[in-house]
Number of protein chains: 2
Amino acid sequence: MTTPHRPRNPRGHGKRLRTEILTAATELLDTGGDERTVTLRAVACRVGIAPPSIYPHFLDQSAIMLAVVRQSFAELTHRLRAAAAAVVDPRQRLHALCRAYLEYAQKYPQRYRVMFGDLWHPVVDGGVTPDEVTTMGAEAMRLLVDSLAACVASGHSASRDPAVDAIALWLGLHGLAHQRAVASWYPWPADITQRVAIPLARLVNAR
Amino acid sequence: MTTPHRPRNPRGHGKRLRTEILTAATELLDTGGDERTVTLRAVACRVGIAPPSIYPHFLDQSAIMLAVVRQSFAELTHRLRAAAAAVVDPRQRLHALCRAYLEYAQKYPQRYRVMFGDLWHPVVDGGVTPDEVTTMGAEAMRLLVDSLAACVASGHSASRDPAVDAIALWLGLHGLAHQRAVASWYPWPADITQRVAIPLARLVNAR
DNA sequence: TCCGAAAACTTATCGGCGTTACCCCTTGCG
DNA sequence: CGCAAGGGGTAACGCCGATAAGTTTTCGGA
């Protein structure tokens with residue numbers, strides 16, 4: 001480009017550009033309604049560099065998306081942890097977890113879609129291994145299992161196998177979150193969250 | 001191309017090529033693990049025509065995918081109808097519906113992902129309108145609502161609002177179907193289907 | 001029988017994309 | 001002041017979707 005160049009980073013801070021690329025990609029993903037808008041050239045343009053200057057920091061374009069996914073998982077986990085820590089009552093804590101999960105998906109629908117979209121599939125290439133994906137969501141799942149187990153212990157849940165029922169509960173939350181991210185225009189019932197979460201968590205004395 | 005050309009279609013049967021394009025795109029989607037492999041050129045090559053020869057039949061590449069989605073919805077609905085018609089007992093019928101739904105998603109994971117992936121989003125362009133998407137899944141949802149209502153009538157379900165609970169049930173099925181399509185390697189519990197469907201359908205006397 | 005218009009399809013081309021190979025300029029240490 | 005190495009740019013390749021402009025085949029009507 002003939003446009004004025006951005007100031008070059010000093011010697012030891014080359015990795016500063018990496019985070020700039022990452023945030024630029026995240027912003028592009030959030031604003032553009034499609035992950036196809038997160039093009040390598042668009043990211044480079046937004047950062048203010050030439051397209052090939054990305055390669056010293058990311059192996060290829062999918063590596064950028066993978067980094068976005070990793071970062072998004074970290075933030076989601078952080079939010080879930082914060083939501084769980086703010087409440088002591090087991091039942092309220094489980095509700096808070098579900099609410100935080102769905103709020104994240106609703107606030108960043110594109111990110112959520114990509115988090116649970118592909119990338120999982122390139123099983124063989126230099127992509128991401130199943131183990132790594134499992135690790136990313138492991139702590140979030142643990143929060144859910146623990147919270148459900150606490151509900152069982154306090155008599156709020158009739159679950160006989162919290163570890164498995166937590167997966168079922170998460171699948172319900174995921175179905176709702178994903179579908180709301182994809183079709184936010186659909187007239188979702190107002191109480192759809194409770195309709196999904198309460199039965200799956202096997203909560204008793206629903207209110 | 002210099003390769004021998006396929007025989008040209010006779011005068012009135014130009015639309016025969018349309019279905020060939022459609023099946024080629026579907027096959028590419030099923031075999032290639034990524035909808036990005038369903039490239040306009042790859043479809044044309046598989047059919048045996050030049051890339052621009054697709055345009056008389058489809059407005060653009062997304063129109064092909066949309067046609068694949070439409071066809072897939074039709075087939076899914078057909079299977080659900082057949083599954084429901086094969087059973088009379090309300091509870092068994094609901095189970096058959098859920099099973100057929102999940103089997104379809106497991107048999108054609110790529111198609112399922114695309115069906116409930118994007119395309120929904122291009123709200124404004126010549127893409128697909130929310131109304132049309134809703135219409136595609138309308139009959140399938142009706143089957144589910146009717147089946148759940150029948151379970152309520154026969155005392156098998158404790159649902160108080162089958163129309164809403166059917167949505168919740170579908171969300172759970174979708175979460176499971178989608179996640180299994182994306183991460184088939186995950187060690188899903190053997191009885192995960194029941195763990196999701198039975199509570200959401202509010203079935204009593206579970207077995 | 002033949003002819004010309006329309007249908008069916010091709011070739012050529014454009015701009016954008018991911019990716020690679022290679023070049024330049026600055027930085028900061030000795 | 002010299003000069004390696006890091007930080008980033010330029011040029012180019014092949015593939016993609018899409019358009020424009022031909023080229024071949026078909027077939028009803030004279």
Side-chain angles (χ1 to χ4, degrees), chain A residues 1-22 24-25 28-29 32-68 114 118-119 122 125-127, chain B residues 1-22 24-25 28-29 32-68 114 118-119 122 125-127:
Chain A
M1 290 218 285
T2 52
T3 58
H5 303 138
R6 48 168 254 138
R8 172 181 304 220
N9 276 326
R11 189 59 80 87
H13 302 76
K15 288 191 177 177
R16 191 183 297 171
L17 185 52
R18 199 194 131 93
T19 71
E20 288 185 43
I21 293 171
L22 212 60
L28 275 172
L29 178 61
D34 199 324
E35 63 259 40
R36 280 187 298 267
T37 67
V38 186
T39 183
L40 214 151
R41 290 173 130 95
V43 171
C45 176
R46 178 174 261 258
V47 175
I49 58 177
S53 298
I54 290 180
Y55 284 89
H57 302 281
F58 295 93
L59 207 148
D60 55 9
Q61 195 251 357
S62 75
I64 302 180
M65 295 310 279
L66 177 57
V68 171
V114 175
D118 302 322
L119 315 177
D125 4 10
Chain B
M1 291 217 287
T2 52
T3 59
H5 303 137
R6 49 168 250 136
R8 171 181 302 224
N9 277 326
R11 188 63 78 88
H13 303 77
K15 289 190 177 177
R16 192 182 298 170
L17 185 52
R18 199 194 131 94
T19 71
E20 289 186 41
I21 294 171
L22 213 59
L28 275 171
L29 177 61
D34 198 324
E35 64 258 39
R36 280 187 298 268
T37 68
V38 186
T39 182
L40 215 153
R41 291 171 129 95
V43 172
C45 176
R46 178 173 260 259
V47 175
I49 57 176
S53 298
I54 290 179
Y55 285 91
H57 302 280
F58 295 95
L59 206 147
D60 55 9
Q61 195 252 355
S62 75
I64 301 179
M65 294 309 279
L66 177 57
V68 171
V114 175
D118 301 324
L119 314 177
D125 359 12

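Just so you know, these numbers use all the heavy atoms, side chains as well, and skip hydrogens, waters and symmetry mates. Below, read A as the first sequence line, B as the second, and so on, with proteins coming before strands; counting in each chain starts at 1.
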**OP:** Calculate, to the nearest 0.5 Å, the distance between atoms CG and CG belonging to L17(B) and L22(B) respectively.
**Re:** 11.0 Å

Subject >> Spacing between E35(B) atom CD and dG17(D) atom P, to the nearest angstrom >> reply: 13 Å

**OP:** Round to the nearest Å and state the distance from R16(B) atom CZ to dA8(C) atom P.
**Re:** 11 Å

**OP:** Not counting sequence neighbours, which residues clear salt bridge (charged side-chain N to carboxylate O under 4.0 Å, His left out) with R41(B)? List them please.
**Re:** none

Subject >> Separation of dC9(C) P from I54(B) CD1 (nearest whole Å) >> reply: 12 Å

Subject >> Distance, nearest 0.5 Å, that separates CD1 of I64(B) from CG of L59(B) >> reply: 10.5 Å

**OP:** Determine, for nucleotides 13-23 of chain C in 5'-to-3' order, which nucleotides have protein heavy atoms under 4.0 Å from the base (write B), from only the sugar-phosphate (write S), or from neither (write -).
**Re:** ----BBBB---

**OP:** Any chance you could measure L40(B), atom CG, to I21(B), atom CD1, to the nearest 0.5 Å?
**Re:** 8.5 Å

Which pairs of donor and acceptor atoms, one on a side chain in residues 43-54 of chain A, lie under 3.5 Å apart (sequence neighbours left out)?
residue, atom, partner, partner atom, Å
R46(A), NH1, E27(A), OE1, 2.2
S53(A), OG, A50(A), O, 3.4

Original post:
What do the steps show when you test V68(B) against L29(B) for side-chain contact (heavy atoms from CB on, under 4.5 Å), and what is the final call?
Top reply: CA-CA 9 Å; V68(B) 171; L29(B) 177 61; 4.2 Å; yes

**OP:** Look at S53(A) and dG9(D) and indicate whether a side-chain polar atom (N or O) is within less than 4.0 Å of OP1 or OP2.
**Re:** yes

Subject >> Nucleotide dC25(C), atom P - distance to CD1 of I49(A) in whole Å >> reply: 19 Å

Original post:
R36(B) CZ to dG17(D) P: how many Å, rounded?
Top reply: 13 Å

